[in-house]
Amino acid sequence: MMNIGSVQGINIEQEMREAYLDYAMSVIVSRALPDARDGLKPVHRRILYAMYDMGLRADTPHRKSARIVGEVLGKYHPHGDAAVYEAMVRLAQDFSMRCPLVDGQGNFGSIDGDSAAAMRYTEARMASIGELLLVDIDKETVNFSDNFDGSLQEPNVLPSNLPNLLLNGSSGIAVGMSTSIPPHNLIELCQALNYILDKWEEIEHISVEQLMKFVKGPDFPTGGLVYRHIDGLKNDQDTLITSYATGRGKVTVRAKVYIEEIGRGKSQVIVTELPYQVNKSSLIERIANLVREEKLDGIADLRDESDRQGLRIVIEL
């Protein structure tokens with residue numbers, strides 16, 4: 001007979017330690033940090049697998065985003081619909097992802113910080129490069145486990161015929177740890193991988209410097225220039241190598257600009273590329289405020305002339 005109402009004595013310190021560690025591990029593994037094998041967090045993996053399950057390939061018609069989000073929520077990801085939709089929107093933004101894994105149709109937000117249209121208005125399907133993450137998934141290449149209610153199986157990791165972690169980077173804040181990996185160039189990554197495969201028997205002796213002959217540094221979707229500077233005795237290349245070797249470091253990026261003569265002795269500064277994750281409209285607003293407060297002088301006009309051809313900010317002097 002079950003004894004109801006009995007009080008059990010526990011060590012509060014031990015209980016709190018175990019409960020906190022369980023919570024921390026859950027956040028690290030199941031939400032905030034990507035898996036090194038496919039470079040995806042669980043929500044991204046489930047979105048791509050749900051699209052695969054629905055037959056949404058790059059050569060099929062787009063499907064309503066609400067339908068895809070409903071599929072992910074109902075089958076694999078028992079969390080809020082807004083979180084799933086925002087994750088899917090980011091996978092489709094060419095200014096967020098070096099190679100977008102989702103092909104979106106409709107308003108998927110902008111570099112000005114505008115949010116995407118509601119999921120009932122937009123449509124999506126898998127991008128052709130996204131399909132590479134799921135190559136041969138039906139050939140027992142990866143392990144599957146039960147979904148949240150045990151009714152279906154979902155992959156623990158995608159086969160990932162693509163170096164996605166370095167290609168698209170990742171950022172996330174977990175409990176006690178965080179990550180911020182910049183995006184890289186796919187051609188450079190493939191050259192480095194070919195080099196590793198050629199030297200497979202000596203893989204233990206391949207150095208960071210050797211790999212950086214191919215992967216020169218980050219390659220951001222919005223362009224911009226890595227700011228080269230001398231820092232003490234170390235130059236910028238040494239600093240970059242240290243960052244790749246230790247996983248700790250910073251890369252300073254600046255906008256790409258050129259001067260355009262407009263006649264009558266006047267000129268204007270044209271900005272064509274911005275540092276990664278810089279909000280264009282906020283940047284223009286900040287420049288305008290500095291001019292208004294007379295902290296910047298010599299600026300006669302400030303215009304945003306961006307269009308479908310690309311980004312263009314004009315600062316008339």
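What's counted below: heavy atoms across the whole structure, side chains too, no hydrogens, waters or symmetry copies. Positions are given from 1, in the same order as the sequence printed here.
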Whether the side chain of [X] engages the backbone of [Y] through a donor-acceptor N/O pair (distance < 3.5 Å, no angle test) should be reported.
{"X": "Arg303", "Y": "Ile315", "answer": "no"}
{"X": "Asp112", "Y": "Ser281", "answer": "yes"}
{"X": "Thr122", "Y": "Gln105", "answer": "no"}
{"X": "Asn168", "Y": "Cys99", "answer": "yes"}
{"X": "Thr246", "Y": "Thr242", "answer": "yes"}
{"X": "Asn161", "Y": "Val135", "answer": "no"}

[X] and [Y] ion-paired at < 4.0 Å:
{"X": "Glu123", "Y": "Arg63", "answer": "no"}
{"X": "Lys213", "Y": "Glu209", "answer": "no"}
{"X": "Arg37", "Y": "Asp35", "answer": "yes"}
{"X": "Asp307", "Y": "Arg312", "answer": "no"}

Legend entry - Same apolar cluster (I L V M F W Y, side chains within < 4.5 Å links), Leu132/Tyr49: yes
Inset, instruction - Give me the ring orientation class for Tyr195 and Phe214: parallel if the planes are under 30° apart, tilted from 30 to 60°, perpendicular past 60°. - result: tilted
Inset, instruction - Hey, can you tell me if Tyr20 and Tyr23 have their rings parallel, tilted or perpendicular (30° and 60° cut-offs)? - result: tilted
Over all atoms of both residues, closest heavy-atom pair of [X] and [Y]:
{"X": "Pro218", "Y": "Val251", "result": "CG-CG2, 4.1 Å"}
{"X": "Pro159", "Y": "Thr141", "result": "CG-OG1, 3.6 Å"}
{"X": "Pro183", "Y": "Pro221", "result": "CG-CD, 3.8 Å"}

Inset, instruction - Among Asp103, Leu101, Val43, find the residue that satisfies the side chain to side chain contact (heavy atoms under 4.5 Å, CB included) test when tested with Leu91. - result: Leu101
Please indicate whether [X] has more than 12 foreign heavy atoms, meaning atoms of other residues, nucleotides or ligands, lying under 6.0 Å from its [atom1].
{"X": "Lys64", "atom1": "NZ", "result": "yes"}
{"X": "Ile173", "atom1": "CD1", "result": "no"}
{"X": "Glu305", "atom1": "CD", "result": "yes"}
{"X": "Arg31", "atom1": "CZ", "result": "no"}
{"X": "Asp198", "atom1": "CG", "result": "yes"}
{"X": "Glu293", "atom1": "CD", "result": "yes"}

Legend entry - Inter-residue atom distance Glu316.CD - Asp301.CG, 0.5 Å rounding: 5.0 Å
Legend entry - Approximate separation, where rounding is to 0.5 Å, of Ser171 OG and Lys41 NZ: 5.5 Å
Answer with yes or no whether the side chains of [Y] and [X] bring together a donor and an acceptor at under 3.5 Å.
{"X": "Asp146", "Y": "Gln153", "value": "yes"}
{"X": "Ser207", "Y": "Gln210", "value": "yes"}
{"X": "Ser145", "Y": "Asn156", "value": "yes"}
{"X": "Arg286", "Y": "Asn289", "value": "no"}

Legend entry - Check against ring-ring contact (aromatic ring centres under 6.0 Å, His included), Phe148 and Tyr76: CA-CA 7 Å; Phe148 60 89; Tyr76 310 113; 8.3 Å; no
